[in-house]
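Data block below; observations after.
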Amino acid sequence: MKNSEMTARDLAHIWHPCTQMKDHETLPVVPVKSAQGVWLEDFEGNRYIDGISSWWVNLFGHANPYISGKLSEQARTLEHVLLAGFTHEPAVRLAERLCAIAPGTLNRLFFADNGSSAVEVALKMSYHAHLNNGETRPLFLSLSNSYHGETIGALSVGDVELYKKTYEPILIRSIQTPVPEDRSEAAAHKAADALETLLRERGSEISAMILEPLVQCAGNMHMYHPVYLRLAKTLCERHGIHFIADEIAVGFGRTGTMFACEQAGITPDFMCLSKGLTGGYMPLAVVLTSDEIYGAFYCDYLEYKAFLHSHSYTGNPLGCACANAVLDIFENENVIGQNREKAQWMAEFLKPFEALDNVEEVRQTGMIAAVELKGYPPQERVNLKIFDYCLKHGVFVRPLGNVLYFMPPYIISYEEMRHMIQTTYDAVKSL
Ligand SMILES: *Cc1c(COP(=O)(O)O)cnc(C)c1O
């Protein structure tokens, strides 16, 4: 089978995510036949380094023998059972383990099956918990430039215009407060001052503040100082506002600690996890919360008091088995320590970018690095040019507008990292 045959069959039926489908008249869909470690392989034997962990989900490589083994074992034992009124060992074990490693005492766990639905769960739970406590707070607060997913509630609290503007008339109510402008402590304090002013006016209407700790990934890998999290958490507490940490992209060691919140020493009221949770194997998400929130729903059966949200695949055992395998790897290997070392290689390899005239800024938090280009209007679609160049040279990256970024699987080797970054450097130089 040739690549072209597979892509022709694809384009006859499949409507791809986040894509203007007409672009595929000129830009290829990349048909992947198999994958191993950091490498994707197409139907003609060409190999590409997966520089963005297949949309940030893959932690320990493709076809990881350990995770694959646990998955197939689980598939032969129990593939699925509903979680209402039933339970199973993979879910119980996963819940015990995640509650144990979560910041502070987040002792209660609710399952969802993708990041957006985890955000929906947290928003609904927050609103409903206030209501059960006798307060109506119909508004949510988030940061400017934030991203929390694509379903209506999640889209409503996001602030990436490209995804949101079209749907504005049908969204739920949310307001935004400025994200710190850059990684400095001064910027964090300035943004916290703005938040303080806003909360003084509208604090009592707001159920929850949701944010992406340390890095706004879909928002062009914008990074800010951890002190902001601490200041924002304190301000929210003062106004009775829940704090939702959306760690869907940054959780599981991506920023140099297991969870990004740890770097600020805070415990959120809700923490949403997905993406890396299963190491990129299965769609699964969780929302962790406190005994206090849980307690707001716990009473003799009364209509409208219980949290009646559900998904068909809630707590799917295959997903839980993969997530348990991922936690095994974190326990058995020094993943965080190795990541810190690899983040240093990354910083080394990125240095040459700083000397290029068309580079505005190079920034990095742990195993996330971004190179922001300057001087290209959007219609030039410089991201497609870089994508195309790199693909021809065995590297898959998917720049966000003018921001080229790297978020490789943690198992990437020194040589693979060098090749990945050198190739993108050549791509940027060739523009
Ligand atoms: C990807 C992402 C989501 C949405 O998760 P999906 O599984 O794509 O629905 C939400 N929040 C953040 C921070 C994300 O990066």
Side-chain angles (χ1 to χ4, degrees), residues 16-19 52-59 110-126 140-160 162-164 167 171-172 174 176 179 208-224 228-229 232 243-255 259-261 263 268 270-288 309 311-316 319 322-323 326 365-368 370 398-401 403 405-407:
H16 288 262
C18 207
T19 299
I52 65 159
S53 299
S54 284
W55 259 350
W56 327 338
V57 299
N58 191 295
L59 302 187
F110 195 96
F111 283 103
D113 44 25
N114 62 72
S116 303
S117 58
V119 168
E120 302 284 344
V121 165
L123 297 176
K124 284 176 70 180
M125 260 185 194
S126 167
F140 293 102
L141 173 63
S142 61
L143 293 179
S144 58
N145 190 50
S146 60
Y147 179 87
H148 298 288
E150 301 289 345
T151 54
I152 295 291
L155 192 64
S156 304
V157 291
D159 186 43
V160 178
L162 181 62
Y163 307 134
K164 185 172 179 178
Y167 306 101
L171 299 180
I172 64 169
S174 86
Q176 279 70 48
V179 67
M209 176 174 192
I210 181 167
L211 47 65
E212 301 153 273
L214 302 188
V215 188
Q216 295 184 313
C217 294
N220 291 337
M221 301 295 160
H222 182 73
M223 299 173 186
Y224 61 89
Y228 180 75
L229 295 173
F243 197 84
I244 306 174
D246 176 352
E247 295 233 6
I248 290 165
V250 295
F252 296 100
R254 198 41 93 174
T255 66
F259 301 109
C261 277
Q263 293 182 44
F270 298 91
M271 184 163 76
C272 301
L273 301 172
S274 188
K275 291 205 164 104
L277 173 62
T278 64
Y281 266 70
M282 297 285 295
L284 185 74
V286 299
V287 178
L288 290 151
H309 187 103
H311 296 288
S312 310
Y313 283 95
T314 298
N316 174 252
C322 294
V326 162
T365 301
M367 286 288 272
I368 306 173
R398 197 172 191 279
L400 293 153
V403 177
Y405 72 91
F406 305 100
M407 227 203 256

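Read the numbers this way: they start at 1 and go in the same order the structure lists the ligands and their atoms.
The number of heavy-atom neighbours closer than 6.0 Å to OH of Y313, taken from other residues, nucleotides and ligands shown, is 12 or below.
Checked by atom type and distance alone, the side chain of E150 never pairs as donor or acceptor with a backbone atom of L155 at under 3.5 Å.
Here the NE2-NZ distance, from H309 to K124, works out to 5.0 Å after rounding to the nearest 0.5 Å.
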Identify the protein atoms, limited to N or O, that lie within less than 3.5 Å of an N or O atom of ligand 1, and list each pair with its distance to 0.1 Å.
| residue | atom | partner | partner atom | Å |
| --- | --- | --- | --- | --- |
| ligand 1 | 5 (O) | S116 | N | 3.4 |
| ligand 1 | 7 (O) | G115 | N | 2.8 |
| ligand 1 | 9 (O) | N114 | OD1 | 3.4 |
| ligand 1 | 9 (O) | S116 | N | 2.8 |
| ligand 1 | 9 (O) | S116 | OG | 2.6 |
| ligand 1 | 11 (N) | D246 | OD1 | 3.4 |
| ligand 1 | 11 (N) | D246 | OD2 | 2.6 |
| ligand 1 | 15 (O) | K275 | NZ | 2.6 |

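Looking only at atom types and distance, the side chain of S144 has no donor-acceptor partner in the side chain of Q176 under 3.5 Å away.
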Considering only distance and modelled atom types, tabulate donor-acceptor pairs under 3.5 Å from the side chains of residues 244-253, sequence neighbours left out.
| residue | atom | partner | partner atom | Å |
| --- | --- | --- | --- | --- |
| D246 | OD1 | I248 | N | 3.0 |
| D246 | OD2 | H148 | ND1 | 2.7 |
| E247 | OE1 | A260 | N | 2.8 |
| E247 | OE2 | A260 | N | 3.1 |
| E247 | OE2 | C261 | N | 2.8 |

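Residues P213 and L211 approach most closely at CD-O, 3.3 Å, considering heavy atoms.
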